[in-house]
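Following: one structure in structure tokens, then a few remarks.
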Amino acid sequence: MIFDSHAHYEDKQFGEDRDELLSSMRQKGITKIVEVGSSIESSKRAIALTERYDFIYAAIGVHPSDISCLNEEGLARLREMARHEKVVAIGEIGLDYYWDKEPEVQERQKAWFRRQLKLAREAGLPVIIHSRDAAEDTLTIMKEEAAGLPGVIHCFSYSKELALEYVKMGYYIGVGGVVTFKNARKLKEAVAELPIERIVIETDCPYLAPEPNRGKRNSSLNLPYVVEAIAGIKGLAPEAVEEITYRNAMELYGLA
Ligand code: NI
């Protein structure tokens, strides 16, 4: 049993075969998926997807690169969506300075990040954090706004020291296809240090397919490669990694 803690099946790359693919998941051992929104529109679609598949849950939120779609009205829409029975998290939210280098844009990202963390607290939901090239500001804001709030640092890309710092704060660390890449030394080191009880697995599909399918469209069906890589690093049986990370994700999203 595998839990994909972060997927984007509403992406247009799944336009041709979405239903066929999702209908095949259960018999291939993928028994739970969280569909993650990144804008108001994709959050709405994530909820609609959960209404078609009982094993799919939704996260709703606006990605830092999509905040131009956010205003007070948009935030009110999110607040309303957060009450849906299959919404299990607020996300993905955070900071991304890789694409946005202008200080003014970064200030806007920070402001909406804070507002959405507050929304998660109000709604009593965990958070899914996206953070790229913004390690310091993310940690500062998390310390100020997110103390005691459960959640996951998704597609973790920073140092092992920072991973352990987030674990100390009570967070889970999301590990996906990158852990199978030859050049992913930093992430492999972090996985080696992290307690397995704090790791959840994810695809971030259609992106970040693991080896040997790197560069192709990703899906939850590739997760056994991620499980195998983590098992190798931790010296555990793949079945144990599957079972523990499944339990972790159930706990993270309040499904346990
Ligand atoms: Ni994502």
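One-based numbering, in listed order, for ligands and for the atoms of each. Quick caveat, the model's predicted, so the values are computed rather than measured. Values reported hereafter were calculated over all heavy atoms of this structure, with side chains retained and with hydrogens, waters and symmetry mates removed.
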| message | Just so I know, are the side chains of Met142 and Tyr166 near enough to count as touching, which here means a heavy-atom distance under 4.5 Å? | response | yes
| field | 4.5 Å side-chain heavy-atom contact, Ile233 and Val179 | value | yes
| note | Residue pairs passing the ring pair (Phe, Tyr, Trp, His ring centres under 6.0 Å) test with at least one member in residues 5-36, sequence neighbours excluded, are His6-His8, His6-His154, Tyr9-Phe14
| query | Does Leu252 sit in a hydrophobic cluster with other residues, and if so which ones, taking ILVMFWY side chains as linked at heavy-atom separations under 4.5 Å, directly or through other members? | reply | Met1, Phe3, Val34, Val36, Tyr57, Val88, Ile128, Val152, Tyr172, Val200, Tyr246, Met250, Tyr253, Leu255
| Do you know which two heavy atoms are closest between Ala82 and Ile60, and how far apart they sit? | N-CD1, 3.6 Å
| Distance below 2.8 Å from the Ni ion (ligand 1): protein N/O/S atoms | His6 NE2, His8 NE2, Glu92 OE2, Asp204 OD1
| query | Looking at residues at least two apart in the chain, or sitting in another chain, which of them share a side chain to side chain donor-acceptor pair (under 3.5 Å) with Tyr98? | reply | none
